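The structure appears below as structure tokens.
Worth saying up front: this structure is predicted, and the values here are computed from it rather than measured. Each chain gets a letter, A, B and so on, in the order the sequences are listed, and its residues count up from 1.
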2 protein chains.
Amino acid sequence: MQTIAPELAELAGLIADPGRASILSRLMDGRAQTASELALVAGVTPQTASWHLSRLVERALLKVERRGPRRFYRLATPLVAQMLEGMMTVAAIDPDPSRPPPRIDPEMRRARTCYDHLAGELGVAVTDAMLDRGHLNLDQEAGELTASGRAFLGDLGIDLRSPARSRRVLCRPCLDWSERRPHLAGRAGAAVADLALQRDWIRRRPQGRSVEITDAGLLAFRNLFGARI
Amino acid sequence: MQTIAPELAELAGLIADPGRASILSRLMDGRAQTASELALVAGVTPQTASWHLSRLVERALLKVERRGPRRFYRLATPLVAQMLEGMMTVAAIDPDPSRPPPRIDPEMRRARTCYDHLAGELGVAVTDAMLDRGHLNLDQEAGELTASGRAFLGDLGIDLRSPARSRRVLCRPCLDWSERRPHLAGRAGAAVADLALQRDWIRRRPQGRSVEITDAGLLAFRNLFGARI
DNA sequence: GCAACGCTTCGATCATGATCGAAATGTTCA
DNA sequence: TGAACATTTCGATCATGATCGAAGCGTTGC
């Protein structure tokens with residue numbers, strides 16, 4: 001029985017190193033980072049990081065882009081981000097409830113981006129608020145935007161009409177590994193995150209994947225979305 | 001910056017062994033298998049398989065159930081299956097298009113179950129047919145069942161009303177690693193697969209994850225669903 | 001051209017974990 | 001109780017791959 005198993009093992013092996021896992025985790029916000037920055041987050045020397053990075057590029061998990069003497073690395077495709085989402089969800093489940101839960105950076109837990117959408121307490125709060133108001137239906141497996149949800153996002157200036165087909169699906173759940181509950185992802189989730197960045201409701205922190213909620217953002221999420229945050 | 005990265009690496013390490021990857025792949029149909037059977041598919045001796053299995057149970061990827069002197073292993077939660085789906089999707093992407101694509105067992109490619117729904121050519125054909133008829137909207141990221149889709153499945157005797165909430169979401173896409181296209185998953189996908197098994201349209205093969213399409217099944221999928229298979 | 005800088009390649013070392021033979025454990029059935 | 005069988009535990013061996021120092025490469029700017 002030939003299956004995909006050997007390729008699966010090979011792929012997993014690539015993620016199985018703490019340094020490479022840190023690098024991939026760092027790149028989960030979808031932005032590009034330099035080799036030096038990634039060496040830092042991996043906690044290894046630049047030459048070791050370089051070796052890790054070349055393996056990840058070779059296996060097409062990362063793309064590299066040269067800008068002057070620097071090399072910027074980013075996730076190769078959204079598919080890789082989605083795979084990592086799924087793995088982090090399982091990784092966050094502690095098999096032994098007696099030992100203390102993994103210490104998660106409070107800023108990270110508060111608010112971060114997950115590839116292209118909001119995650120952490122903020123992501124879950126926004127999602128919950130939209131659920132409460134009937135803008136969404138969502139469970140761990142699947143999600144859909146209601147007519148009221150489309151109208152709500154439309155009023156915020158988000159144009160969800162796809163350039164190609166009007167019947168495109170917009171909404172999927174992403175299991176939040178820090179909150180252990182689903183939050184809004186998919187095109188609708190990306191649109192909300194884009195809006196929040198554009199209106200300066202959230203700001204990316206210079207390092208790390210966490211984002212800062214501005215005062216204006218706090219008001220907007222509370223008043224416009226009705227989020228309890 | 002404390003993140004989930006160490007847990008991610010640990011989890012990946014568990015999948016990174018070819019034997020364990022084979023075991024997990026074998027269990028992707030959601031059924032339970034004995035330790036001996038799994039040793040066979042992993043291509044290792046029973047004592048080695050036992051060591052692998054205990055690690056997978058310890059990390060809560062598998063559940064074990066004792067029946068007499070045998071031990072039956074199965075995936076611990078649907079979340080694990082969904083994670084493996086995502087990994088297989090990425091694993092199936094060949095980073096080097098020049099080398100020949102991984103040889104996939106033809107029976108596996110033809111028709112198999114992916115945890116609780118149909119996959120392979122059969123899964124994709126059924127999905128395509130439902131898309132053509134307007135029963136579904138589906139892309140790589142998200143999916144939704146239309147009113148006509150609900151009616152269609154209802155006519156087949158599938159009751160999609162959730163015991164709890166009526167507004168539950170039913171439908172999600174699962175990227176087929178052998179066909180490299182999405183097929184129907186989620187509760188609707190599981191319901192279709194259940195129906196097919198109950199009506200003897202498909203039969204599980206004694207070993208492996210692939211299923212056999214019966215003559216009656218071929219007719220049903222073609223005539224009832226309009227699947228080109 | 002040369003210096004500065006970012007990054008990669010090479011080479012040697014070292015640790016982790018996969019493997020199986022042998023033996024022990026546990027379960028069922030007579 | 002004892003025999004048959006499935007599975008696990010123990011112990012020793014062996015291979016893979018992560019690591020970093022040193023050196024090399026390539027780009028930029030003076």
Q) Starting at the 5' end of DNA chain D, which residue's closest nucleotide do you reach first, P69(A) or S50(B)? A)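 Its nearest nucleotide lies further toward 5', so the answer is S50(B).
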
Q.
Please compare P18(A) and F72(B) by the position of their nearest nucleotide in DNA chain D and report the one closer to 5'.
A.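 Counting from the 5' end, the first nearest nucleotide belongs to F72(B).
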
Between [X] ([atom1]) and [N] ([atom2]), how many Å, whole number?
X: E10(A); N: dG17(D); atom1: CD; atom2: C1'; answer: 14 Å
X: Q33(A); N: dG6(C); atom1: CD; atom2: P; answer: 16 Å
X: L14(A); N: dG17(D); atom1: CG; atom2: C1'; answer: 12 Å
X: W51(B); N: dA12(D); atom1: CH2; atom2: P; answer: 17 Å
X: E65(B); N: dG26(C); atom1: CD; atom2: P; answer: 20 Å
X: D17(B); N: dC14(D); atom1: CG; atom2: P; answer: 20 Å
X: I15(A); N: dA18(D); atom1: CD1; atom2: P; answer: 13 Å
X: Q47(B); N: dG21(C); atom1: CD; atom2: P; answer: 6 Å

Q.
Would the distance check show the side chain of R74(B) and the main-chain N or O of G30(B) forming a donor-acceptor pair, the cut-off being under 3.5 Å?
A.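 The answer is yes, because a donor-acceptor pair under 3.5 Å joins these two groups.
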
(Q) I'd like to know if the side chain of R204(B) reaches the main chain of V211(B), judged simply by a donor and an acceptor atom lying under 3.5 Å from each other, with no hydrogens or angles considered. (A)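 It does not hold such a pair.
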
Using OP1 and OP2 only, check whether a side-chain N or O of [X] sits under 4.0 Å from [N].
X: Y73(B); N: dA6(D); value: no
X: R20(B); N: dA18(C); value: yes
X: T48(A); N: dA18(D); value: no
X: T45(A); N: dC20(D); value: yes
X: H52(A); N: dG17(D); value: no
X: R55(A); N: dA18(D); value: yes
X: R71(B); N: dT8(D); value: yes

Q) Which part of the nucleic acid, if any, lies within contact of T34(B), taking any heavy atom under 4.0 Å across all strands shown: a base, the sugar-phosphate backbone alone, or nothing? A)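 T34(B): backbone/sugar contact only, no base atoms under 4.0 Å.
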
Q: For the pair R67(A) and E65(A), find out whether any cationic side-chain nitrogen is under 4.0 Å from an anionic carboxylate oxygen.
A: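 Between E65(A) and R67(A) there is a salt bridge, with a charged N closer than 4.0 Å to a carboxylate O.
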
Q.
Under a 3.5 Å threshold, yes or no: a donor from one side chain and an acceptor from the other, between R109(A) and S178(A)?
A.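 Side chains of R109(A) and S178(A): no pair found under 3.5 Å.
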
Q) What heavy-atom pair brings V57(B) and Y73(B) nearest, and what distance separates the two atoms? A)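 Of all heavy-atom pairs spanning V57(B) and Y73(B), the closest is CG2-CE2, 3.6 Å.
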
